[in-house]
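Only one structure is covered here, and it is reproduced in the block below.
Atoms within each ligand, like the ligands themselves, are counted from 1 in listed order. Not measured: the values here are computed from a predicted model. Here, residue 1 is the first one in the sequence, and each next residue gets the next number.
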Amino acid sequence: KLRIAVFASGQGSNFQALADAALAGKLDGSIELLVCDKAAAPVVERARRAGIDTWLFKPKEYASREQYEEEILAELIRRGIDLIVLAGYMRILTPVLVEPFYGRMINIHPSLLPAFPGVNGIRQALEYGVKLTGVTVHFVDGGMDSGPIIAQRAVEIADSDDEASLAERIHAAEQALFPWVVQMIAEGRVALGGRRVTIRER
Ligand code: GAR
């Protein structure tokens with residue numbers, strides 16, 4: 001069974017989708033830990049309700065990102081974590097975590113990368129005027145939303161869409177795709193070779 005740590009900073013709808021999948025027996029993995037940088041984030045309450053431990057930290061209490069990441073790394077090792085899942089964790093990671101977990105850390109982003117990385121991927125796509133956007137799950141490297149792509153799903157933008165209506169469909173696509181990708185990793189079906197990622201179908 002895969003031992004998973006989820007990193008999140010916000011609402012936690014993706015955290016919830018993963019926790020629900022695990023509870024329903026749809027994931028050969030268990031969420032061992034939530035790592036969160038915002039005490040007031042709704043995801044913290046979701047973890048409490050799901051009975052999942054939370055490692056909460058205040059970035060401002062540290063001299064550098066490396067310093068809190070060293071502490072997180074020690075906690076991940078202590079708990080035997082195999083996979084880090086970034087689910088709306090809105091901080092850039094340093095090599096302290098990226099290097100030891102390269103190929104074992106994934107992120108979800110609300111656009112068809114490499115288009116519209118960074119914050120507000122949904123709004124960026126609307127403002128640009130693309131007719132097709134979507135969601136991406138990728139391995140994390142040192143850049144911003146830049147690592148090898150594991151899976152993508154397209155979401156069409158209608159003329160009538162505003163940010164709220166588009167976000168609703170993007171989030172639905174995320175909540176379907178993310179648990180599926182984690183399960184593919186748990187089954188050992190995902191292979192990383194250079195920039196190309198292949199999924200061996202069942
Ligand atoms: C998700 O839409 C995720 O794709 C995005 O943050 C949201 C978190 O929602 N991540 C990024 O933009 C990463 N660059 P959630 O807290 O409800 O899961």
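- Checking side-chain atoms of Arg189 against main-chain N and O of Gln183 turns up no donor-acceptor pair under 3.5 Å.
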Please report, to 0.1 Å, the donor-acceptor pairs under 3.5 Å made by any side chain of residues 114-121, with sequence neighbours excluded.
none

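- Thr94 pairs with exactly one of Glu66, Glu69, Arg65 by the side chain to side chain donor-acceptor pair (under 3.5 Å) rule, that one being Glu69.
- Met144 belongs to a hydrophobic cluster whose other members, connected by ILVMFWY side-chain contacts under 4.5 Å either directly or through intermediates, are Ile92.
- Residue Asn107 forms a side chain to side chain contact (heavy atoms under 4.5 Å, CB included) with just one option from Ile84, Asp141, Leu86, and that option is Leu86.
- Evaluation of the side-chain hydrogen bond (donor to acceptor under 3.5 Å, both in side chains) test over residues 193-202, restricted to residues two or more places apart or in two chains, returns Glu187-Arg202.
- A distance limit of 4.0 angstrom between heavy atoms and ligand 1 selects the residues Gly10, Gln11, Gly12, Ser13, Asn14, Gly88, Met90, Ile108, His109, Pro110, Gly118, Asp145, His171, Glu174.
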